[in-house]
Amino acid sequence: MFVLSRVLFCGGVMVPERTSLTVCQFSVVHRLTSPRKNSPYSSVDSERYSSLVKSVMSSRISSQTPESLQAEDDQVYGPVVKAQMPSRNEPRVPKILYSLLNSERAIETEDPETGPPTRIMLNRGQGRPFVPSVTRILQQTLSPEQSFYLERWKRRMIAELGEEGFKAYSQNLFKQGKDFHAALEGILTSAETWKSGNLLETSEFPPEVQGYVQSISHVLEDVRAVRAIESTVQHSALNYLGIVDCVARYKGVLCVIDWKTSEKPKPFLSNTYDNPLQIAAYAGALNSDDNYKYQVENGLIVVAYKDGTPAHAHQVNAELMSEYWKTWLLRLEDFREPRSSASSSPSPEK
DNA sequence: GGATCCTTCTTCTTCTTC
């Protein structure tokens, strides 16, 4: 590559390295795919130039040495500044690797005949010890990068909409999410309305959620055996709680399901930020909670769109779930013992 | 009745060219 750049330069053509690489690759491919007879050298009078070729090829000492090339580089580009390599720390491991699964519970392959979905209301009565929630823990343990981008986004939005405008915008986003969840509760509770054969009649829903319901209709076709809806789960040992959106079978697999609304498309799981951690946290809590007799090791994040565009359904299989569970345990550790690194977050632009 | 809780969302470089 290095030499090629020079050759191109010496030929009087300044070509950026990346471009010259492409040229190089192209020429190699071209040479390999083209018949030899088309070689531009085939018409060269080799007899005439044989002495020149011999003299070049027989030269024992190249005019260019690594040292001369280095000196030339230093003159043209300046001294090499080596980038600071990121420190290769060992990946963090939770201090206590608490299990996601409950060894006393079997993984069900078939569903027992059950009544309506479980729905355990949150009960934070007076005198009960405070138990932090999944949302609170995730919010308070955001990485410096996450905090930075969120804060920057907020500043930009306020600059555009004003304080009051931004407040109204945020409230509207929350309202859409809440309305969508309310509609889903109705759909999932009255199972007959969406079981196979019965198409969802979106016009039955309030206009503001019709698009979202349309968006998830293809996902609902694969949802069966709803076991829990908007139900509180609390981890018996790790002492945190949350409210799980839904537990049901998706394509035959028992899952913790999280329904989301989004303005932006989220075609990849990585677009959902901490959502996978959220469902891992719920799954672990449910698996240890005595109010539930089964356990879940898979998850599903469904991102619905207001304009009715088909929702993205991101499956989190058991293997992925156990990875997210470990990360969740780290966030839980950070929540209980905040680390000083969080204070080193860069400040957003003004 | 009022206060609080959980959840509802929000982030990922940026520009040019075709």
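Every chain is numbered from 1, with letters handed out A, B, ... down the list of sequences. Note that these values count all heavy atoms, side chains included, but never hydrogens, waters or copies made by symmetry.
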For A:Val131, which contact category applies under a 4.0 Å heavy-atom criterion: base, sugar-phosphate, or nothing?
sugar-phosphate
Remember a base hit wins even if backbone is also touched, and classify A:Lys260 as base, sugar-phosphate or nothing at under 4.0 Å, heavy atoms.
sugar-phosphate
Quick test of your reading: applying salt bridge (charged side-chain N to carboxylate O under 4.0 Å, His left out), list the pairs with at least one residue in residues 256-272 of chain A, sequence neighbours left out, ordered by first then second residue.
A:Asp258-A:Lys260
Please classify the nucleic acid contact of A:Thr261 as base, sugar-phosphate, or nothing, using heavy-atom distances under 4.0 Å.
sugar-phosphate
What is the distance from CG of A:Asp274 to P of B:dT11, rounded to the nearest Å?
13 Å
So does A:Arg152 get a side-chain nitrogen or oxygen closer than 4.0 Å to the phosphate oxygens (OP1/OP2) of B:dT11?
no
Under 3.5 Å, is there a donor-acceptor pair linking the side chains of A:Ser231 and A:Tyr292?
yes
Distance check needed: B:dT7 P versus A:Leu184 CG, whole Å only.
17 Å
Going by distance alone, is a donor N or O of one side chain under 3.5 Å from an acceptor N or O of the other, for A:Tyr149 and A:Glu145?
no
Give a yes/no answer on whether the side chain of A:Ser147 brings an N or O atom under 4.0 Å of OP1 or OP2 in B:dT11.
no
Phosphate-side-chain proximity, A:Lys306 and B:dC9, N/O vs OP1/OP2 below 4.0 Å
no
Please work out if A:Asn271 contacts a base, only the sugar-phosphate, or nothing of the nucleic acid, heavy-atom cut-off 4.0 Å.
base
Parallel, tilted or perpendicular: which one describes the rings of A:Trp259 and A:Phe180, with boundaries at 30° and 60°?
perpendicular
Under 4.0 Å between a side-chain N/O of A:Ser170 and OP1 or OP2 of B:dT10, yes or no?
no
Candidate nucleotides B:dT10, B:dT8, B:dT14, ranked by approach to the side chain of A:Arg156 - the nearest:
B:dT14
Would you classify A:Gln176 as touching base, sugar-phosphate or nothing, given that sugar-phosphate means primed atoms plus P, OP1 and OP2, and contacts are heavy atoms under 4.0 Å?
nothing
Whole-Å distance between B:dT8 C1' and A:Ile229 CD1?
17 Å
Choosing from B:dT14, B:dT10, B:dT8, which nucleotide comes nearest the side chain of A:Lys178?
B:dT8
More 5' along DNA chain B: A:Trp153 or A:Ile243, using each one's nearest nucleotide?
A:Ile243
Which is true for A:Gln139 with a 4.0 Å heavy-atom rule: it touches a base, it touches only sugar-phosphate, or it touches nothing?
base
Please check: side-chain N/O of A:Thr118 versus main-chain N/O of A:Ala228, any donor-acceptor pairing under 3.5 Å?
no
note: A:Glu263, atom CD; B:dT8, atom P; distance rounded to Å ~ 16 Å
Listed once per pair and sorted, the salt bridge (charged side-chain N to carboxylate O under 4.0 Å, His left out) pairs that draw on residues 94-104 of chain A, sequence neighbours left out
A:Lys95-A:Glu337
Rounded to whole angstrom units, what separation is found between the OH atom of A:Tyr149 and the P atom of B:dT11?
13 Å
Within the structure shown, what part of the strands sits under 4.0 Å from A:Tyr282 by heavy-atom distance: base, sugar-phosphate, or nothing?
sugar-phosphate
Toward the 5' end of DNA chain B, which comes first, A:Lys264 or A:Ser133, by nearest nucleotide?
A:Ser133
Atom-pair distance (CG on A:Asn275; C1' on B:dT10), nearest Å
11 Å
Please report, rounded to the nearest Å, how far the C1' atom of B:dC9 is from the CZ atom of A:Phe180.
13 Å
Send over the distance from A:Leu138 CG to B:dT11 C1', rounded to a whole Å.
15 Å
